[in-house]
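Predicted model, so just to flag it, every value in this text is computed and none were measured.
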Amino acid sequence: MKRLILNFLWLLGLCPLVAWAKTEQAVSLETPTGTINGKLLIPDVERPPVVLLIAGSGPTDMDGNTVSGAVSIKNNSLKFLAEGLARQGIATLRYDKRGIASSASAGKSEQDLRFDDYVVDASGWIDWLNRENRFSSIYVLGHSEGSLIGMIACTDNRAVKGFVSLAGAGRPAYALIEEQMAGQPAEVRVLVKSFNDSLRAGRTISNVPMGLMALFRPSVQPYLISWYRYDPCEILSGLKLPVLIVQGDRDIQVPVADAERLKQALPAARFLIVENMNHVLKPCESTDLATQQAIYANPDLPVSEELITAIEKFIKQ
């Protein structure tokens, strides 16, 4: 009898491992400028739903980490999100952005890069998933700047069943930049606004002072012009598919007010504020900069379980 009990307990312990079994597969998307590489994480479920994970701004890789030259900040946020969804029977596809990490060969020069390139890449991955027969449905999740990329890629795309905006901005990029300049002297704020007004009208700027060159250098201005065209609220309001808006209340990069703007733009969207979650999707009880920085650089801290549960419910309901 004792041996039977021990065997039964051993089987019970094995069950979660069987339920969480998954396969990770390297995949690639061919583009005119090079190959974009990603990873497909598939749970041991027949024809599961799949979520395309789109990373945020900057040199961000498929795992949610910052990769820039000699600087590497690892938090593994998107990797942990993918693994969390796999435990719930949901597949994911995440990828290195063009020009980043394993997708470096697909990069364009700064002068030639446009915001729409990222949208075309996301659309390409949606088409790639749609050609597969392994998945029951396709969802798109965009994190931070990836939210805007994702919602544009979802517009009038019948292959997508639902969209998740995760820590996405609720204002155009030029408005965010001007807000970030709030602590600067008045003359700087006026100059930044005048530059933004020119770029919004499609006019480049030639007389950029050295102090603003990092933001408005000539080589990046075409990208800014392409980026400034989009208003997230306007794009979101036109989506004709289920939408989930999620925001952490400890996010020091994107405030809750942005999520509220998105909700106002699409009242039918589901809406969730995750308590004690920061911008990299990790539990965090403080907005103190030092505390946040430590979490941003912690590759072992898991992402919020409430977030994973919310996405699971959205997809399965």
Q. Transitively linked via ILVMFWY side-chain contacts under 4.5 Å: Val243 with Ile126?
A. yes
Q: Using a strict 4.0 Å threshold on nitrogen-to-oxygen distance, state whether Lys193 and Asp197 make a salt bridge.
A: yes
(Q) According to ring pair (Phe, Tyr, Trp, His ring centres under 6.0 Å), who are the partners of Phe135, at least two apart in sequence or on a separate chain? (A) none
Q.
Can you confirm whether the side chains of Glu30 and Thr35 place a donor and an acceptor under 3.5 Å from each other?
A. yes
Q. Does Tyr118 have Lys97 sitting over its ring (NZ/CZ under 6.0 Å from centre, angle to axis within 45°)?
A. yes
Q. Does any donor atom in the side chain of Asn276 or Glu285 lie under 3.5 Å from an acceptor atom in the other side chain?
A. no
Q.
Under 4.0 Å between a side-chain nitrogen and a carboxylate oxygen: does that hold for Glu305 and Arg87?
A. yes
Q: Check whether any side-chain N or O of Lys263 sits under 3.5 Å from a backbone N or O of Ala269 as a donor-acceptor pair, and report yes or no.
A: yes
Q) Can you find a side-chain donor-acceptor pair between Gln247 and Asp251 that sits under 3.5 Å? A) yes
Q: Taking all non-hydrogen atoms of both residues into account, name the closest pair between Pro283 and Leu301 and its distance.
A: O-CD2, 4.0 Å
Q.
I'd like to know if Arg171 and Glu178 make a salt bridge, using a cut-off of under 4.0 Å between side-chain N and carboxylate O.
A. no
(Q) Determine whether the aromatic ring centres of residues Phe115 and Tyr230 are separated by less than 6.0 angstrom. (A) yes
Q: For the residue pair Asn65 and Asn76, confirm or rule out a side-chain donor-acceptor distance under 3.5 Å.
A: yes
Q. Out of curiosity, Arg134 CZ to Leu40 CG, how far, rounded to the nearest 0.5 Å?
A. 5.5 Å
Q) Quick one: do the Asn37 and Ser103 side chains pair a donor with an acceptor below 3.5 Å? A) no
Q: Determine, for Asp117 against Lys108, whether the closest basic-nitrogen to carboxylate-oxygen distance falls under 4.0 angstrom.
A: yes
Q: Considering only NZ, NE, NH1 and NH2 on the basic side and carboxylate oxygens on the acidic side, decide whether Arg261 and Asp258 come within less than 4.0 Å.
A: yes
Q: Look at the side-chain heavy atoms of Ile, Leu, Val, Met, Phe, Trp and Tyr, link any pair under 4.5 Å apart, and say whether Ile273 and Val303 land in one connected group.
A: no
(Q) Do the side chains of Asp116 and Arg229 get close enough for a salt bridge, i.e. N-O under 4.0 angstrom? (A) yes
(Q) For a quick check under 3.5 Å, do Glu145 and Ser57 share a side-chain donor-acceptor pair by atom type? (A) no
**Q.** Verify same cluster id: Ile225, Phe216 (apolar side-chain graph, 4.5 Å)
**A.** yes
(Q) Ignoring hydrogens and geometry beyond distance, is a side-chain donor-acceptor pair present between Asn196 and Tyr228 at under 3.5 Å? (A) yes
(Q) Tell me whether Glu275 is salt-bridged to Arg250, with the criterion being a basic N under 4.0 Å from an acidic carboxylate O. (A) no
(Q) I need the single residue from Leu53, Thr92, Ile90 that forms a side-chain contact (heavy atoms from CB on, under 4.5 Å) with Leu41. Which is it? (A) Thr92
Q. Are Leu241 and Ile149 in one and the same hydrophobic cluster, where Ile, Leu, Val, Met, Phe, Trp and Tyr link if side-chain heavy atoms are under 4.5 Å apart?
A. yes
Q: Check the hydrophobic clustering (I, L, V, M, F, W, Y; side-chain heavy atoms under 4.5 Å; chains of links allowed) and say if Tyr139 and Trp125 are grouped together.
A: no
**Q.** Inter-residue atom distance Leu81.CG - Leu307.CG, 0.5 Å rounding
**A.** 5.5 Å
